[in-house]
Novice: 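Have a look at this one.
Each ligand, and each atom within it, is numbered from 1 in the order the structure gives.
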Amino acid sequence: MEKQSRLLCSELCVQRRLYEVTLNCAILAWKDIQIAKKHTGRAIYGAVKAGSYCVPVCEIIAVQEKDDDTPCKNTGKWQKVPQSPADPCQHAFTVFYVERTRQHCWWCSNVTFHCSDHSLCLLWVQTIREQLALLTNRPKSLLVYINPYGGKQRGKQIYDHKVAPIFSRASISTDVIVTERANHARDHLKTEADLKKYDGVVCVGGDGMFSEIMHGLVSRTQQEAGVDENSMEETLMPCGLRIGIIPAGSTDCICYATVGSNDPVTSALHIIVGDSQAMDICSVHNEDRFLRYSVSLLGYGFYGDVLTDSERKRWMGPARYDISGVKTFLSHRYYEGTVSFLPAEGNLGSPRDKMQCRTGCSVCRQSSSDKLVSKNEDSVSDAECQDTWTVIRGKFLAINAASMSCACPRSPKGLSPSAHLADGTTDLILVRKCSRLDFLRHLLRHTNKDDQFDHSFVEVYRVKQFRFTPRYQECDSEVDLRESGVTGKRFLSQICREHRACGCMPSQSNWNCDGEILPHTAIQVRVHCQLIKLFARGIEEQQVFEDPYAHCAI
Ligand SMILES: Nc1ncnc2c1ncn2[C@@H]1O[C@H](COP(=O)(O)OP(=O)(O)OP(=O)(O)O)[C@@H](O)[C@H]1O
Ligand SMILES: CCCCCCCCCCCCC/C=C/[C@@H](O)[C@H](CO)NC(=O)CCCCC
Ligand SMILES: [Ca+2]
């Protein structure tokens, strides 16, 4: 590694031991002077070697001059402690930085350096602050929306106690809106919010809340660019503002699959350090009507039915999915229809290749450069214009399109473990009619390490576009009838849904679109590569301490 030139080097005290402390534009390092020479070589977490520590400047959250207030022994009250002029630790500054703890979780740790010279102390604080000011990817001003009713209804508490204090430590200014109704955040972003004031938008809630923010931002961007969302062929404009997710929902799969955990402090730290992770978005249309966007799961059959049932049990909180999951599994419904898709071509891998999307993913990087090359070409590529659609008819227990892994605490490797966050494709998983036992085997593989695609009744394709038409398309007229309030017909359609055995009309499922029920069953889906950016970096590979000094060249 190229040696960076030193900005500062001083002997400072940490917990009354003398350290050699050095700063260059990339690394802050401190080395215990007495034990540095012994070189035990054993690497411990947070330390590159016993007694030697380093923190990348880009992972420093803040630096603060420490005042001398300490709690008074007798009264417990805080007061100024008189210092002797000879005290070598009279002045101090504290550096707050990211520390990696368990399983992709980050923590805001700190270290206090003491010195006898006030001007030296100030010089350190000022120099570190100057280095932090050079990190232009960090947000200074954020618009925060809190859903007080998501998940276990702890969104506000999580934000106030765990997130707001570290935002303020990092000198990030925030405008906070606690939502008062569903779609409040979406509508505010779409029409009212003065977005020029902010470097990013943060949602505190679950996948549904993220979906609101994403819809608000994407629609606002298209409106301002004059792009018609109802047209499937149009190239959508990427959004300028990054989105941060503070997880406080029931599934939190978007946070989990982009950060690796559903820990609010970890997410807040990714926002503060200004991470950036591009993400694909699927647009969902019914004929010439735009319905919704999806970033995680579009599921028909099993996941559509779980969601439909669980919406009636919202009061149960996250447990509703377990109850509805078991109920839906026992009902063992299958649905007939036709799936057509455009397979992804080129170096985009396959859903079964075990090339998991991780920080700096090469597959997603390649898609990003391909996107730049084709920027001035027609919005629908040559391959897409040619008749290369694959058509599959059948009876399905589930049709799932996973645009990302959909990893979440319920399913740590997700619905499609090798799906990529930003490759411009979605993994289309078709689970054909099979026995209950086989389906259970498949579902259980979502929760362990076994390959859920290794079954004769499961097929999986990496695609750029797909369409679904239910076998009895006329059922879709139910939707129009429902919308126009024809109650007699609604009654009739209800009977037909519940009486597949009578043979008059097989039932249909609903599409689960990132946790929202779609109003149509016949849909057309197109993936838009890297339309938004998140304050995240993808899941980091687990750290290996092979060469403890490699990161610490100073
Ligand atoms: N103030 C509010 N009152 C009622 N509903 C709201 C309010 N604010 C947001 N919502 C809606 O609540 C729904 C669920 O929220 P959220 O996604 O935060 O939690 P969740 O559904 O428990 O978690 P997940 O989506 O991860 O399963 C969202 O679809 C959102 O539109
Ligand atoms: C017999 C029981 C078998 C249990 C099998 C467990 C398999 C778990 C897989 C979980 C996949 C989650 C996919 C994510 C979907 C989200 O966009 C969506 C919104 O939050 N969540 C759900 O629809 C909630 C979906 C919850 C499903 C249980
Ligand atoms: Ca993708």
Side-chain angles (χ1 to χ4, degrees), residues 145-153 155-156 177-186 203-213 215 245-257 262 278-282 294-299 302-308 310-311 314 316-318 320-330 344 348 351 357 361 363-364 367 400-416 418-427 436 439-440 442-447 452 462-464 512-517 527-530:
Y145 294 97
I146 303 176
N147 175 3
Y149 302 114
K152 295 183 184 151
Q153 312 198 338
K156 187 146 186 334
I177 297 175
V178 179
T179 61
E180 287 162 11
R181 58 175 173 86
N183 292 324
H184 180 173
R186 183 199 65 185
C203 58
V204 184
D207 296 330
M209 195 54 190
F210 170 82
S211 181
E212 276 202 30
I213 303 292
H215 276 85
I245 309 173
I246 303 296
S250 302
T251 314
D252 296 319
C253 91
I254 297 152
C255 181
Y256 200 92
N262 59 350
M279 214 161 70
D280 299 334
I281 291 193
C282 289
S294 162
V295 293
S296 56
L297 169 69
L298 265 164
F302 183 74
Y303 287 107
D305 293 351
V306 171
L307 183 68
T308 309
S310 68
E311 280 301 284
R314 264 206 169 268
M316 285 186 184
R320 69 191 185 276
Y321 289 133
D322 300 322
I323 311 279
S324 299
V326 173
K327 198 174 151 192
T328 306
F329 168 74
L330 291 174
L348 292 166
C357 189
C361 172
V363 175
C364 296
S367 298
N400 300 323
S403 298
M404 58 167 71
S405 70
C406 294
C408 59
R410 278 190 177 77
S411 173
K413 63 186 168 53
L415 288 183
S416 190
S418 299
H420 291 270
L421 289 167
D423 64 341
T425 76
T426 186
D427 287 354
R436 263 199 186 85
F439 189 47
L440 182 63
H442 167 69
L443 285 179
L444 290 178
R445 287 186 182 187
H446 289 104
T447 62
Q452 62 258 51
R462 188 154 284 175
V463 310
K464 290 189 172 217
N512 172 341
C513 176
D514 291 359
E516 289 291 318
I517 297 167
V527 191
H528 301 266
C529 189
Q530 307 192 359

Novice: Compute the shortest N/O to N/O distance between Gly249 and ligand 1 and return yes if it is under 3.5 Å, no if not.
Specialist: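 Checking ligand 1 against Gly249, no N or O pair falls under 3.5 Å apart.
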Novice: Does any N/O atom on Thr447 come nearer than 3.5 Å to any N/O atom on ligand 2?
Specialist: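 In this structure, Thr447 places no N or O atom under 3.5 Å from an N or O of ligand 2.
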Novice: Would you find a donor on one side and an acceptor on the other, under 3.5 Å apart, between the side chain of Arg314 and the backbone of Glu311?
Specialist: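 Side chain of Arg314 to backbone of Glu311, a donor-acceptor pair under 3.5 Å: no, none is there.
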Novice: May I ask you to decide if Cys408's main-chain N or O and Ser411's side chain share a donor-acceptor pair within less than 3.5 Å?
Specialist: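 No, the answer is negative, given that no donor and acceptor are paired below the 3.5 Å cut-off.
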Novice: For N/O/S atoms only: which one belongs to Asp280 and is nearest the Ca ion (ligand 3)?
Specialist: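 Nearest to the Ca ion (ligand 3) within Asp280's N, O and S set: OD2.
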Novice: Has Gly515 got any heavy atom lying under 4.0 angstrom from an atom of ligand 1?
Specialist: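 Gly515: no contact with ligand 1 (<4.0 Å).
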Novice: Below 4.0 Å from any atom of ligand 1, is there a heavy atom belonging to Tyr321?
Specialist: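 It does, in that a heavy atom of Tyr321 comes within the 4.0 Å cut-off of ligand 1.
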Novice: Do Asp427 and Ser416 have a side chain donor and acceptor closer than 3.5 Å?
Specialist: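 There is such a pair between these side chains.
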Novice: Give a yes or no answer on whether the side chain of Thr308 reaches the backbone of Gly304 with a donor-acceptor pair at less than 3.5 Å.
Specialist: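 Yes, Thr308 side chain to Gly304 backbone: donor-acceptor pair under 3.5 Å.
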Novice: Using a strict 4.0 Å cut-off to heavy atoms of Asp514, name the atoms of ligand 2 that fall inside it.
Specialist: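 Selected atoms, number and element: 17 (O), 19 (C).
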Novice: Report the part of Glu311 (side chain from C-beta onward, or backbone N, CA, C, O) that has a heavy atom under 4.0 Å from ligand 1; answer both or neither where that applies.
Specialist: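 Looking at Glu311 and ligand 1, no heavy atom falls under 4.0 Å.
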Novice: For atom 3 (N) of ligand 1, what's the nearest protein heavy atom and its distance?
Specialist: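 Checked against all protein heavy atoms, atom 3 (N) of ligand 1 sits closest to Tyr149 CD1, 3.3 Å.
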Novice: When you measure from the heavy atoms of Arg320 to every atom of ligand 1, does any distance fall below 4.0 Å?
Specialist: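 Under 4.0 Å: yes for Arg320.
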Novice: Taking the side chain as every heavy atom from C-beta outward, state whether His420 and Ser367 have any pair of such atoms under 4.5 Å apart.
Specialist: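 Counting from C-beta outward, His420 and Ser367 never come under 4.5 Å.
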Novice: May I ask which of Thr179, Ile254, Asn147 has a heavy atom nearer to atom 13 (C) of ligand 1 than the others do?
Specialist: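 The residue whose heavy atom sits nearest atom 13 (C) of ligand 1 is Asn147.
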Novice: Just to confirm my output: which protein heavy-atom neighbour is closest to atom 30 (C) of ligand 1, and how far is it?
Specialist: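 Sorting protein heavy atoms by distance from atom 30 (C) of ligand 1 puts Glu212 OE2, 3.1 Å first.
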Novice: Where the side chain of Arg436 meets the backbone of Leu330, is there a donor-acceptor pair that is under 3.5 Å apart?
Specialist: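 Confirmed, Arg436 side chain pairs with Leu330 backbone.
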Novice: Could you identify the single nearest non-hydrogen protein atom to atom 22 (O) of ligand 1 and state the distance to 0.1 Å?
Specialist: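 The closest one turns out to be Ser250 OG, 2.6 Å.
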Novice: Is the closest side-chain heavy-atom distance between Tyr256 and Pro409 below 4.5 Å?
Specialist: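 Yes. Closest side-chain heavy atoms under 4.5 Å.
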Novice: Suppose I only count heavy atoms of Asp252 and a 4.0 Å limit; which atoms of ligand 1 are within that range?
Specialist: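 Listed by number with element, the hits are 26 (O).
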Novice: Check whether any side-chain heavy atom of Cys357 lies under 4.5 Å from a side-chain heavy atom of Cys364, and answer yes or no.
Specialist: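 Side-chain contact under 4.5 Å: yes.
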Novice: Taking Leu297's backbone N and O only, do any of them form a donor-acceptor pair with Asp514's side chain (distance below 3.5 Å, no angle check)?
Specialist: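 Answer holds: yes.
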Novice: Vertex the Ca ion (ligand 3): angle to O of Ser403 and O of His420, to 10°?
Specialist: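 Between O of Ser403 and O of His420, the angle at the Ca ion (ligand 3) is about 70°.
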Novice: Look at the N, O or S atoms of Thr426, main chain and side chain alike, and state whether any lies under 3.0 Å from the Ca ion (ligand 3).
Specialist: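 Within the cut-off used here (under 3.0 Å), Thr426 places no N, O or S atom near the Ca ion (ligand 3).
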Novice: Mark up the atoms of ligand 2 that fall under 4.0 Å of a heavy atom belonging to Asp207, in ascending order.
Specialist: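 Near Asp207, meaning under 4.0 Å from one of its heavy atoms, ligand 2 has 16 (C), 19 (C), 20 (O).
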Novice: List ligand 2 atoms under 4.0 Å from Ser411, heavy atoms only on the residue side.
Specialist: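 Answer for ligand 2: 9 (C).
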Novice: For atom 16 (P) of ligand 1, which protein heavy atom lies nearest, and how many Å away is it?
Specialist: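 Atom 16 (P) of ligand 1 sits closest to the protein heavy atom Gly206 N, 3.4 Å.
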Novice: Met209 versus ligand 1: do any nitrogen or oxygen atoms come within less than 3.5 Å of each other?
Specialist: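 Yes; the residue has a nitrogen or oxygen that sits under 3.5 Å from a nitrogen or oxygen of the ligand.
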Novice: At a 4.0 Å threshold, what atoms of ligand 1 neighbour a non-hydrogen atom of Thr251?
Specialist: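 In order of number, 24 (P), 26 (O), 27 (O).
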Novice: For atom 12 (C) of ligand 2, which protein heavy atom lies nearest, and how many Å away is it?
Specialist: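 I find the closest protein heavy atom is Cys408 SG, 4.0 Å.
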Novice: Do Asp322 and Arg410 pass the side-chain contact (heavy atoms from CB on, under 4.5 Å) test, and can you show the C-alpha distance, the side-chain angles, and the key distance before you say yes or no?
Specialist: CA-CA 10 Å; Asp322 300 322; Arg410 278 190 177 77; 3.3 Å; yes
Novice: With only distance considered, is Gly208 within less than 3.5 Å of ligand 1 through an N or O on each side?
Specialist: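 N/O-N/O distance under 3.5 Å: yes.
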Novice: Name the option, out of Tyr303, Phe210, Tyr256, Phe302, that contains the heavy atom nearest to atom 25 (C) of ligand 2.
Specialist: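 Among Tyr303, Phe210, Tyr256, Phe302, the closest heavy atom to atom 25 (C) of ligand 2 comes from Tyr303.
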Novice: Give a yes or no answer on whether the side chain of Gln452 reaches the backbone of Leu415 with a donor-acceptor pair at less than 3.5 Å.
Specialist: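 Answer holds: yes.
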Novice: Is ligand 2 under 4.0 Å from a heavy atom in the side chain of Asp322, in the backbone, in both, or in neither?
Specialist: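 Near ligand 2, Asp322 shows nothing, with every heavy atom at 4.0 Å or more.
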Novice: For atom 23 (O) of ligand 2, what's the nearest protein heavy atom and its distance?
Specialist: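 So the nearest neighbour among protein heavy atoms is Asn512 ND2, 2.8 Å.
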Novice: Under 4.0 Å, heavy-atom basis, I'd like to know which part of His184 is in contact with ligand 1: side chain, backbone, both or neither.
Specialist: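 No part of His184 is near ligand 1 at this cut-off.
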Novice: Keeping Asn512 on the side-chain end and Tyr303 on the backbone end, is there a donor-acceptor pair under 3.5 Å?
Specialist: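 Between the backbone of Tyr303 and the side chain of Asn512 there is a qualifying donor-acceptor contact (under 3.5 Å).
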Novice: Which residue owns the protein heavy atom closest to atom 14 (C) of ligand 2, what's the atom, and how far is it?
Specialist: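 Here the nearest protein heavy atom works out to Cys253 SG, 3.9 Å.
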Novice: Go through ligand 1 atom by atom and flag the ones less than 4.0 Å from a non-hydrogen atom of Gly205.
Specialist: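 Answer for ligand 1: 18 (O).
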Novice: Please determine whether any non-hydrogen atom of Glu516 lies less than 4.0 Å from an atom of ligand 1.
Specialist: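 Under 4.0 Å: yes for Glu516.
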Novice: Any sub-3.5 Å donor-acceptor pair from Lys413's side-chain atoms to Arg445's backbone N or O?
Specialist: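 Yes.
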Novice: Of all N/O/S atoms in Asp423, which lies nearest to the Ca ion (ligand 3)?
Specialist: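 Sorting the N, O and S atoms of Asp423 by distance to the Ca ion (ligand 3) puts OD1 first.
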Novice: Out of all atoms in ligand 2, which are within 4.0 Å of some heavy atom of Ser296? Include the element for each.
Specialist: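 Near Ser296, the atoms of ligand 2 are 17 (O).
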Novice: I want to check something: taking the side chain as every heavy atom from C-beta on, are Cys203 and Glu212 in contact at a cut-off of under 4.5 Å?
Specialist: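 When only atoms from C-beta onward are counted, Glu212 and Cys203 do not touch, as no gap falls below 4.5 Å.
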Novice: Would you say Gly206 touches ligand 2, if touching means a heavy atom closer than 4.0 Å?
Specialist: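 It does not, in that no heavy atom of Gly206 comes within the 4.0 Å cut-off of ligand 2.
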Novice: So does Tyr149 have more than 12 non-hydrogen atoms from other groups sitting under 6.0 Å from OH?
Specialist: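 Counting other residues, nucleotides and ligands, OH of Tyr149 stays at 12 neighbours or fewer.
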Novice: Within the side chain of Asn400, is there an N or O that forms a donor-acceptor pair under 3.5 Å with the backbone of Gly299?
Specialist: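 Not at all, since once roles are kept as given, no pair shorter than 3.5 Å links the two residues.
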Novice: Which heavy atom of the protein is the closest neighbour of atom 19 (O) of ligand 1, given with residue, atom name and distance?
Specialist: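 The closest heavy atom on the protein side is Gly150 CA, 3.4 Å.
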Novice: Considering all protein heavy atoms, does one lie under 4.0 Å from atom 19 (C) of ligand 2?
Specialist: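 It does; a protein heavy atom is within 4.0 Å.
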Novice: Tell me: protein heavy atom nearest atom 3 (C) of ligand 2, and distance?
Specialist: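 Atom 3 (C) of ligand 2 sits closest to the protein heavy atom Leu443 CD1, 3.9 Å.
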Novice: Could you check if a side-chain atom of Arg462 sits within less than 4.5 angstrom of a side-chain atom of Ser418, using non-hydrogen atoms only?
Specialist: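 Of all side-chain heavy-atom pairs linking Ser418 with Arg462, at least one is under 4.5 Å.
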Novice: With a 4.0 Å cut-off on heavy atoms, is Glu180 touching ligand 1?
Specialist: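 Per 4.0 Å heavy-atom rule, Glu180 contacts ligand 1.
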Novice: Between Pro318 and Lys152, is there a side-chain heavy-atom distance shorter than 4.5 Å?
Specialist: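 Contact flag for Lys152/Pro318 side chains = yes.
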Novice: Locate the shortest heavy-atom distance separating Ser296 from Cys253; write the atom from each residue and the value.
Specialist: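 Closest approach of Ser296 to Cys253: CB-SG, 3.7 Å.
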Novice: Which pair of non-hydrogen atoms, one from Ala422 and one from Gln530, has the smallest distance, and what is that distance?
Specialist: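 Looking at all heavy atoms of both residues, the closest pair is O-NE2, 2.7 Å.
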Novice: Against heavy atoms of Thr251, which atoms of ligand 2 measure under 4.0 Å?
Specialist: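 Per the distance check, 20 (O), 21 (N), 24 (C).
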Novice: Below 4.5 Å, heavy atoms only, C-beta onward: do Asp423 and Asp280 meet side chain to side chain?
Specialist: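 Contact flag for Asp423/Asp280 side chains = yes.
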Novice: Counting only non-hydrogen atoms of the protein, does one fall under 4.0 Å from atom 7 (C) of ligand 2?
Specialist: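 True for atom 7 (C) of ligand 2.
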Novice: Do Leu307 and Ile517 make a side-chain contact, defined as non-hydrogen atoms from C-beta onward lying under 4.5 Å apart?
Specialist: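 With C-beta onward as the side chain, the pair touches.
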Novice: Minimum distance, heavy atoms only, to atom 6 (C) of ligand 1: which one of Gly151, Ala182, Ala185 is it?
Specialist: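 When every heavy atom of Gly151, Ala182, Ala185 is considered, Ala182 comes closest to atom 6 (C) of ligand 1.
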